Amino acid sequence: MTATTTAATPAAPGADLRGLWRLVARREVSVRLRDKGFVVSTVLLLLIVLASMFLPPLLAGGPDRYEVAVTARTAPLLAAPGADGGAAAGTEGTVVVAREVADAAAAEALVRDGAVDAALLPGASARAEIVGGTSVPQGLLEVLTERVAAQQLVSGLVEAGVPPQRVGELLATPPPATRLLDPDAVDPVTAMLLGIAFAVLFFQVVLIFGFSIAQSVVQEKQTRVIELLVTAVPVRQLLVGKIVGNGLLAFGQMALLVGVGLAGFALSDREALASLPSLPLAAGWFLVFFVFGFAMLSCLWAAAGAMASRLEDLQSTATPVQFLVMIPFFAAVFVRDPGPVLTALSYVPLSSPLVMPRRVLAGDAAVWEPFAALALIVVTALVLVVVARRLYENSLLQTGRTLGFRAAWRRPV
Amino acid sequence: MLIVDGVSRRFGDRVALDAVSLSVPEGRMVGFVGANGAGKTTTMRIVLGVLAQDSGTVTWRGRVPDLAVRRRFGYMPEERGLYPKAQLAEQLVYLARLHGLDRAAAQRRTADLLERLGLAARAKEHLESLSLGNQQRVQIAAALVHDPELLVLDEPFSGLDPLAVDAMAQLLRERAAAGVGVLFSSHQLDLVDRLCDELVVLHAGRVVAAGEPQELRRAGAGSRYRLEIGPEVPGGLAWLPAVPGVRVLHVDGPVAVLELTEPRAGQEVLARALRNGEVRAFSPVVPTLSELFSEVAR
């Protein structure tokens with residue numbers, strides 16, 4: 001082509017032009033912050049994070065507390081054995097309150113009314129009997145069985161002539177301790193669940209903000225305001241401004257969610273936090289990966305927006321990008337156990353933001369590994385930015401039709 | 001001065017512009033007319049750098065302008081477009097700042113323009129809540145808000161009521177008086193005639209006429225005259241075709257339009273008419289712009 005032109009060949013823009021992305025970014029931010037949908041979705045996500053932190057302990061009802069009806073005869077059986085009154089192993093946190101009634105009939109009546117969780121009554125064969133309504137809670141059953149058995153053993157030993165002093169000593173013998181040959185500081189289930197929570201957050205926020213970038217681009221095409229914009233702003237500045245503006249919001253939202261989540265976790269479950277010493281580090285890495293992962297994907301979203309002409313077309317041009325977000329997400333969620341597959345996923349640029357923080361959390365990533373994965377993301381991002389920029393620049397002024405990848409890749413004639 | 005020199009552009013096999021040349025001097029209003037598809041919009045988009053030409057040059061003050069220079073032009077695109085859900089003042093300030101104004105200047109200019117266009121009270125309303133006419137005014141404000149050095153306006157008057165047209169014309173004249181060159185297209189030829197200092201007529205991608213409207217008319221009038229005699233004059237105009245150097249174009253009762261093939265024949269025609277009786281008028285025929293336009297566009 002014999003383009004001897006004023007146009008299209010972007011002349012070296014003045015320093016004045018180079019800072020224009022800031023204006024564009026500022027507008028994106030201010031428009032979004034006043035957008036009700038954005039505010040509502042942020043609050044909603046925040047509520048979900050809080051709910052996931054506080055609801056399970058609430059629903060579980062805190063420490064287990066049971067009431068058991070006893071008669072004068074069975075009351076001693078319920079006493080916690082041992083001189084120190086300590087409960088048997090495995091029943092910590094379970095409180096059993098005895099409620100003494102006159103006879104078995106009264107006890108059964110209480111059980112029927114649901115006023116007590118169970119009754120402990122003298123059994124037919126001289127053994128005690130646990131009486132429940134439709135069922136006896138599993139935790140209570142264990143405690144009662146254990147205590148009754150222990151008390152029966154104690155009275156048996158005393159009857160056999162063993163001095164009570166000696167019996168007390170025997171009972172005080174600590175249960176066997178557990179010693180792991182390969183101790184793991186982190187509970188793998190908690191680590192995996194938190195890792196998946198990270199992945200879900202990433203997925204959600206990238207989808208929401210990716211779409212909003214694409215929408216913001218296609219709206220400027222659809223309303224034709226783009227024709228005015230390109231006479232004032234280099235196209236690249238527009239692209240950068242949109243990505244930075246939405247990226248800041250996305251990062252802000254993400255930092256808020258992660259921060260609130262961690263704080264909530266710390267408040268609701270101190271022990272679990274203590275057992276996850278790498279959680280702050282993993283959360284930090286997660287945010288770093290988020291920034292680069294978002295940058296990598298967001299320019300593709302912008303290109304998808306530019307290839308559509310109207311909002312209605314966006315669904316089709318954005319589908320390939322959606323897949324690039326969804327496939328790694330499902331891979332990251334379905335591969336649960338550490339192993340070569342998970343390690344590989346923690347390096348693949350599209351899935352590493354979802355998986356590497358999880359490996360850091362579980363403590364099985366060496367110090368250098370997140371850096372290596374990050375480097376791969378940066379390289380990929382650079383390639384994708386070049387591709388996306390070309391698609392974006394070529395498509396931006398072609399209104400009236402949806403462009404395929406090839407049409408968008410070709411320089412417009 | 002903006003100079004478009006020999007600019008051509010094709011779209012596929014179709015030639016949209018064929019060596020178009022025109023100039024817009026500082027402080028002059030240049031009307032740009034031509035049928036739909038003649039190439040007006042294409043020319044304007046090339047001037048603004050939205051579209052690239054295949055050959056030819058566009059220069060501004062002697063140089064090929066880059067974006068840093070072109071952003072000081074004001075542009076009203078054929079397909080209107082602003083942010084429908086943004087407040088008027090806010091988007092005008094944004095556009096002004098994109099064009100290089102600082103915040104204070106952008107706000108000042110925005111307030112001034114909205115005031116001038118009678119929209120000051122609605123500065124905080126969303127564009128989409130305005131009537132189409134008012135949206136058009138905002139579009140004009142968007143082209144003017146950064147105090148451009150050159151205005152390129154594609155159909156700035158379409159969709160405006162007569163009052164708004166006057167306000168708009170007034171605004172453009174002021175800009176021109178302040179030294180801004182204005183290139184505007186329009187299908188309302190009487191309006192163009194009233195407003196423009198110079199005229200460029202485009203037909204099928206070529207400039208077919210250019211110059212000051214008076215000149216063009218005089219040239220178009222050539223040697224055409226209109227003769228009207230009293231209705232009672234005996235014999236009427238039957239003698240006219242026999243005058244040497246005269247070609248009668250048409251006769252309607254006591255009125256004739258004739259063309260002088262011999263310049264001095266005019267005096268002869270008038271003398272004869274006077275001898276025959278009453279003469280009510282004898283004058284050169286000056287075509288209206290529409291007549292001129294349909295002539296060149298044929």
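Remember, it's a predicted structure, so these values are computed and weren't measured experimentally. Within every chain, numbering begins at 1; the chains are lettered A, B, ... in the order of the sequence lines, protein sequences first and strands thereafter.
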**Student:** Does any backbone or side-chain atom of B:Q91 lie under 4.5 Å from a heavy atom of chain A? Answer side chain, backbone, both or neither.
**Tutor:**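 Contact with chain A is absent: no heavy atom of B:Q91 under 4.5 Å.
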**Student:** With a 4.5 angstrom heavy-atom cut-off, could you sort out which part of B:R72 is near chain A: side chain, backbone, both or neither?
**Tutor:**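 No part of it gets close to chain A.
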**Student:** Hey, are the side chains of A:T223 and B:L82 touching, using non-hydrogen atoms and a 4.5 Å cut-off?
**Tutor:**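 Answer no - side chains too far apart.
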**Student:** Mind checking the CG-NE2 spacing from A:L20 to B:H99? Nearest 0.5 Å is all I need.
**Tutor:**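 Answer for the CG-NE2 pair, A:L20 versus B:H99, is 10.0 Å.
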**Student:** Measuring heavy-atom distances to chain A, does B:R103 have an atom under 4.5 Å in its side chain, in its backbone, in both, or in neither?
**Tutor:**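 Contact with chain A: side chain only.
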**Student:** Among B:K85, B:M76, B:E90, which has the most heavy-atom pairs under 4.5 Å with chain A?
**Tutor:**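 Max contact count across the listed options: B:E90.
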**Student:** Are there more than 12 heavy atoms of other residues, nucleotides or ligands under 6.0 Å from atom CZ of B:R28?
**Tutor:**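 Yes, CZ of B:R28 has more than 12 neighbouring heavy atoms, counting only those of other groups under 6.0 Å.
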**Student:** Measure distances from B:A142 to the heavy atoms of chain A and classify the residue's part below 4.5 Å as side chain, backbone, both or neither.
**Tutor:**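 For B:A142, the side chain is the part near chain A, not the backbone.
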**Student:** For a quick check under 3.5 Å, do A:E227 and B:Y75 share a side-chain donor-acceptor pair by atom type?
**Tutor:**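 Indeed, the side chains of A:E227 and B:Y75 share at least one donor-acceptor pair under 3.5 Å.
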**Student:** Between A:R27 and B:A86, which heavy-atom pair has the shortest distance, and what is it?
**Tutor:**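 That would be NH2-CB, 4.4 Å.
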**Student:** To the nearest 0.5 Å, what is the distance between CZ on A:R22 and CZ on B:R97?
**Tutor:**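 Rounded to the nearest 0.5 Å, the CZ-CZ separation comes to 10.5 Å.
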**Student:** Using non-hydrogen atoms only, which part of A:Q219 is less than 4.5 Å away from chain B: side chain, backbone, both, or neither?
**Tutor:**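 Looking at A:Q219, nothing touches chain B.
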**Student:** In Å and rounded to the nearest 0.5 Å, what is the OG to OH distance from A:S216 to B:Y83?
**Tutor:**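 Interatomic distance, A:S216 OG to B:Y83 OH, rounded to 0.5 Å: 7.0 Å.
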**Student:** Counting only heavy atoms not in B:R206, do more than 12 sit closer than 6.0 Å to its CZ atom?
**Tutor:**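 Incorrect, the count does not exceed 12.
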**Student:** Decide side-chain contact (heavy atoms from CB on, under 4.5 Å) for B:L67 and A:V233; before the verdict, give the C-alpha distance in whole Å, the side-chain angles of both, and the deciding distance to 0.1 Å.
**Tutor:** CA-CA 8 Å; B:L67 183 60; A:V233 188; 5.8 Å; no
**Student:** Between B:L95 and A:L228, is the side-chain contact (heavy atoms from CB on, under 4.5 Å) condition met? List the steps.
**Tutor:** CA-CA 9 Å; B:L95 288 171; A:L228 270 187; 4.2 Å; yes
